[in-house]
There are 2 protein chains.
Amino acid sequence: MSDQQSEGMPRQSKRSRGGSAPTIYDIAKLAGVNPSTVSRALSQPGRINVKTEERIQAAAKELNYRVNPIARALPTGRTNTLGLIVADITNPVIFGIVRGAERAAADAGYTLVVAESQESGEREATAIERVMPSVDGLVLATSRLADAQIKQIAARKPVVVINRALEGVTGILPDVERGVGQLVAHLAELGHRSIAFVSGPETSWVSRRRWEALLAAAPERGMTIVEIGPGVPTLDGGTAAISRVIASGVTAVVAFNDLMAIGLLRVALERGIAVPSQLSIAGFDDIFGSDFTSPALTTVRTPLTEAGERAVRHLLSRVSPQPDGRRVNVESLLPTELVVRGSTGHPLADAGA
Amino acid sequence: MSDQQSEGMPRQSKRSRGGSAPTIYDIAKLAGVNPSTVSRALSQPGRINVKTEERIQAAAKELNYRVNPIARALPTGRTNTLGLIVADITNPVIFGIVRGAERAAADAGYTLVVAESQESGEREATAIERVMPSVDGLVLATSRLADAQIKQIAARKPVVVINRALEGVTGILPDVERGVGQLVAHLAELGHRSIAFVSGPETSWVSRRRWEALLAAAPERGMTIVEIGPGVPTLDGGTAAISRVIASGVTAVVAFNDLMAIGLLRVALERGIAVPSQLSIAGFDDIFGSDFTSPALTTVRTPLTEAGERAVRHLLSRVSPQPDGRRVNVESLLPTELVVRGSTGHPLADAGA
DNA sequence: CGAAACATGTCAACCGGTTGCCAAATGATG
DNA sequence: CATCATTTGGCAACCGGTTGACATGTTTCG
């Protein structure tokens with residue numbers, strides 16, 4: 001019974017299907033060695049006799065062999081894949097992150113799977129559960145999860161968060177103070193004495209940080225500053241804030257992000273308010289399109305592509321430690337910088353009155 | 001050194017690691033059945049006695065079991081993953097495609113891996129080779145590969161291409177005529193008698209299609225039309241074309257895409273040309289930011305999110321045929337439509353002279 | 001009441017690699 | 001030339017599911 005396999009015609013030999021991709025068994029047969037030798041030759045160069053290795057390489061090339069990443073992942077647990085979870089793929093702030101992450105991953109021979117949570121914590125948790133088993137690590141950009149949830153995930157797989165400070169979890173964070181300092185100095189030089197900050201969502205860590213930085217920098221230059229908000233971080237969120245901005249009597253307004261700033265800019269122009277002479281407007285992030293406006297938007301740029309890149313490189317350094325000791329410096333903050341365009345300028349002499 | 005693992009405690013029993021994820025073997029033990037029964041209970045509801053199935057479900061829930069997609073993929077070949085290859089993730093035309101594709105994939109419980117070719121055919125081929133073994137199908141958006149290469153790939157795995165017509169390969173294509181017809185009608189109604197089309201790259205299938213549609217529609221309305229180009233499909237590409245546009249004496253210009261249109265708009269305003277009274281400008285795609293300009297851009301919208309969605313849904317229908325016969329209608333073209341904003345208007349009476 | 005039809009669950013092979021252990025071959029050393 | 005160290009490559013178990021073949025138990029029906 002047990003030898004029913006061996007009797008009769010030479011029923012298709014154990015390993016060798018027709019159309020399918022070649023396996024190490026095919027190579028082994030062709031090179032006349034054991035499959036395990038092939039595996040070693042391919043993944044641990046040097047472990048095998050040079051002569052044999054060459055023979056195996058030649059056979060592999062002849063068969064046009066590609067290692068099956070799934071078969072490799074099963075025993076090793078390493079998938080050569082990273083996950084990137086974003087709240088909203090079409091949010092321009094995210095694009096850069098995705099690009100940077102994808103590049104860094106591709107450079108290292110890693111594949112990137114992208115999942116979108118659509119701003120929902122629940123969907124985010126689902127998406128994470130789905131990709132978790134098949135990734136070596138996760139980048140959480142703009143996560144909507146609670147700190148505790150993130151920590152729990154970080155305990156299972158390496159995790160890097162972007163734009164969020166979290167005890168025990170690596171975070172890629174911007175040097176908000178730098179860009180804000182430049183912005184405030186810029187406005188002060190132009191002659192502004194009062195600023196309004198139109199803030200974003202109450203729960204936004206980034207919005208809070210930006211506000212704190214402004215709150216610290218403005219008085220140093222002898223400027224007054226007020227916060228208006230919270231508001232939704234969209235064009236409409238900016239539009240909705242205009243009345244309060246005007247009522248506050250400031251000559252310059254800084255919005256939580258470029259989208260809100262553009263909303264402010266549009267509604268201001270509609271109402272016949274001259275920008276920048278009557279009202280200077282600035283935003284954050286330097287998103288795609290922020291220079292499409294007339295006047296173009298002055299903004300504090302956050303290097304988002306670099307954020308994505310760093311996040312992935314740090315993840316990789318934990319997933320597959322580099323022998324040469326190169327380590328990604330995640331301690332240093334991402335440098336932000338002011339981009340001066342047309343939406344900020346000297347206030348009219350009488351405007352400050 | 002090598003046996004530090006095995007000394008001491010009674011080396012872990014065959015199936016049951018501590019920290020690791022639970023397996024069907026753990027469930028089997030808990031429910032007192034054979035692992036294969038667990039597998040069937042989980043993947044073929046009904047094949048198993050209801051009573052037993054319940055017991056297994058309970059055990060699975062208790063252990064918080066999640067199927068290991070990699071282990072499942074190895075024997076079945078199905079990975080529940082789709083690949084999306086794009087030329088440039090940060091190209092705003094792509095965003096919508098990515099979002100639509102991701103949503104459709106997530107809805108079906110599929111994971112999406114995204115790879116960027118950075119406009120290089122070689123990188124694209126590499127990226128495809130890398131993801132090929134671990135996906136069930138591929139969406140090629142804005143491929144830079146030759147027709148023959150794509151056909152070769154399509155012979156190995158299900159492939160859907162976006163914005164490209166290719167014998168034997170499913171393509172998601174826009175109904176260019178519809179939007180162009182609306183645009184031409186709109187311009188004619190405004191009183192324009194002459195149009196210039198600033199074209200994109202010579203190799204762009206889409207640019208050619210748009211030009212052909214314009215060429216067919218304009219004369220029907222008694223308008224003259226000229227082509228200016230080819231040019232690079234960027235802001236600068238638009239900017240560079242302004243002199244030739246002015247020289248042509250037209251009152252309306254249609255750019256290959258919104259980016260070029262915005263470039264034209266900006267340089268026109270810089271030169272003191274009034275938009276739309278002296279020159280009406282329109283673009284294609286309705287990209288993010290096309291309404292940030294002053295005046296906002298009139299454009300022919302292509303439903304990119306739907307393109308991504310359709311591409312994935314069609315792929316899914318081939319990968320895992322729906323029992324209910326629902327099929328994705330890929331034959332019908334994606335409806336494009338005119339979005340009228342401020343950059344088009346009545347030409348000045350004397351401008352046509 | 002016996003046989004055929006059907007339902008249910010087990011066995012064991014398999015997907016395609018990886019890797020610990022070991023035997024044989026080779027080389028170095030005294 | 002004997003002895004020991006080092007290479008080299010094979011054996012076989014393993015990763016975690018899936019699935020065809022089959023044995024057993026249960027129903028149905030002539």
Side-chain angles (χ1 to χ4, degrees), chain A residues 1-6 11-17 19-29 31-56 60 63 65-80 133-134, chain B residues 1-7 11-17 20-29 31-56 60 63 65-80 133-134:
Chain A
M1 189 208 273
S2 63
D3 53 353
Q4 73 180 34
Q5 301 248 356
S6 54
R11 60 159 62 221
Q12 234 184 4
S13 76
K14 193 180 175 191
R15 311 264 187 183
S16 84
R17 289 108 38 268
S20 251
T23 72
I24 57 170
Y25 295 85
D26 299 324
I27 297 179
K29 204 185 301 170
V33 295
N34 188 285
S36 62
T37 306
V38 175
S39 174
R40 288 203 177 87
L42 264 32
S43 52
Q44 312 173 30
R47 170 71 172 71
I48 293 294
N49 185 303
V50 182
K51 202 70 187 144
T52 314
E53 191 174 326
E54 275 172 7
R55 198 147 37 89
I56 290 173
L63 295 175
Y65 171 82
R66 327 242 136 225
V67 56
N68 179 332
I70 294 172
R72 168 176 284 175
L74 191 48
T76 62
R78 279 172 279 114
T79 61
N80 265 248
S134 40
Chain B
M1 186 207 271
S2 62
D3 55 352
Q4 74 182 32
Q5 303 245 0
S6 55
E7 49 186 323
R11 66 158 58 228
Q12 272 175 335
S13 77
K14 194 181 175 190
R15 308 266 186 182
S16 83
R17 290 104 40 267
S20 251
T23 72
I24 57 169
Y25 295 85
D26 300 322
I27 297 179
K29 204 185 302 169
V33 296
N34 188 285
S36 61
T37 306
V38 175
S39 173
R40 289 207 174 84
L42 264 33
S43 51
Q44 311 174 31
R47 170 71 171 74
I48 293 293
N49 184 304
V50 182
K51 200 71 187 146
T52 314
E53 191 173 326
E54 275 172 7
R55 196 146 39 89
I56 290 173
L63 295 175
Y65 171 81
R66 325 242 136 226
V67 55
N68 179 332
I70 294 172
R72 168 176 284 176
L74 192 47
T76 62
R78 278 172 280 114
T79 60
N80 265 249
S134 39

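Only this structure's heavy atoms are used, side chains among them; waters, hydrogens and symmetry mates stay out. Order of the sequence lines sets the chain letters (A, B, ...), proteins ahead of strands, with each chain counted from 1.
When each of D:dT18, C:dG17, C:dT18 is scored by its nearest atom to the side-chain atoms of A:Thr76, the top-ranked nucleotide is C:dT18.
Rounded to whole Å, atom P of D:dC14 lies 17 Å from atom CG of B:Leu74. Spacing between atom CD1 of A:Ile24 and atom C1' of C:dC15 amounts to 12 Å, rounded to whole angstrom units. Remark: C1' of C:dT18 and CD1 of A:Ile70 are 16 Å apart, rounded to the nearest angstrom. One can place CG of B:Asp26 at 11 Å from C1' of D:dG16, the figure rounded to the nearest angstrom. For the pair A:Arg66 CZ and C:dG16 C1', the interatomic distance rounds to 16 Å; values are reported in whole Å. In this structure, the CZ atom of A:Arg78 is 16 Å from the P atom of D:dC15, given to the nearest Å. Following rounding to the nearest Å, B:Asn68 (CG) and D:dC15 (C1') show an atom-to-atom distance of 9 Å. Counting to the nearest Å, the C1' atom of D:dG9 and the CG atom of A:Leu42 are 15 Å from each other.
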Sort me out a list of protein N/O and nucleotides 6-10 of chain C N/O pairs below 3.5 Å, or just none if empty.
| residue | atom | partner | partner atom | Å |
| --- | --- | --- | --- | --- |
| C:dG9 | OP1 | B:Thr52 | OG1 | 2.2 |
| C:dG9 | OP2 | B:Asn49 | N | 2.9 |
| C:dG9 | N7 | B:Arg47 | NH1 | 3.3 |
| C:dG9 | O6 | B:Arg47 | NH2 | 2.9 |
| C:dT10 | OP2 | B:Asn34 | N | 2.8 |
| C:dT10 | OP2 | B:Thr37 | OG1 | 2.5 |
| C:dT10 | O4 | B:Arg40 | NH1 | 2.8 |

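Every side-chain contact (heavy atoms from CB on, under 4.5 Å) that A:Asn68 has, sequence neighbours left out, goes to A:Ile70, A:Ala71. A search for side-chain contact (heavy atoms from CB on, under 4.5 Å) contacts involving A:Arg40 returns A:Ser36, A:Gln44, A:Arg47, A:Ile48, not counting sequence neighbours.
Within the 4.5 Å cutoff, the side chain of A:Arg55 has heavy atoms near those of the A:Val33 side chain. In this structure, B:Leu42 and B:Val67 have side chains that are not in contact, with every pair of non-hydrogen atoms separated by 4.5 Å or more. A:Val38 places none of its side-chain heavy atoms less than 4.5 Å from the side chain of A:Tyr25.
Summarising the geometry, atom CD1 belonging to A:Ile24 is positioned 10.0 Å from atom CD1 belonging to A:Ile56; distances are rounded to the nearest 0.5 Å.
Using a 4.0 Å cut-off, some side-chain N or O of A:Tyr65 falls inside it from OP1 or OP2 of C:dG17.
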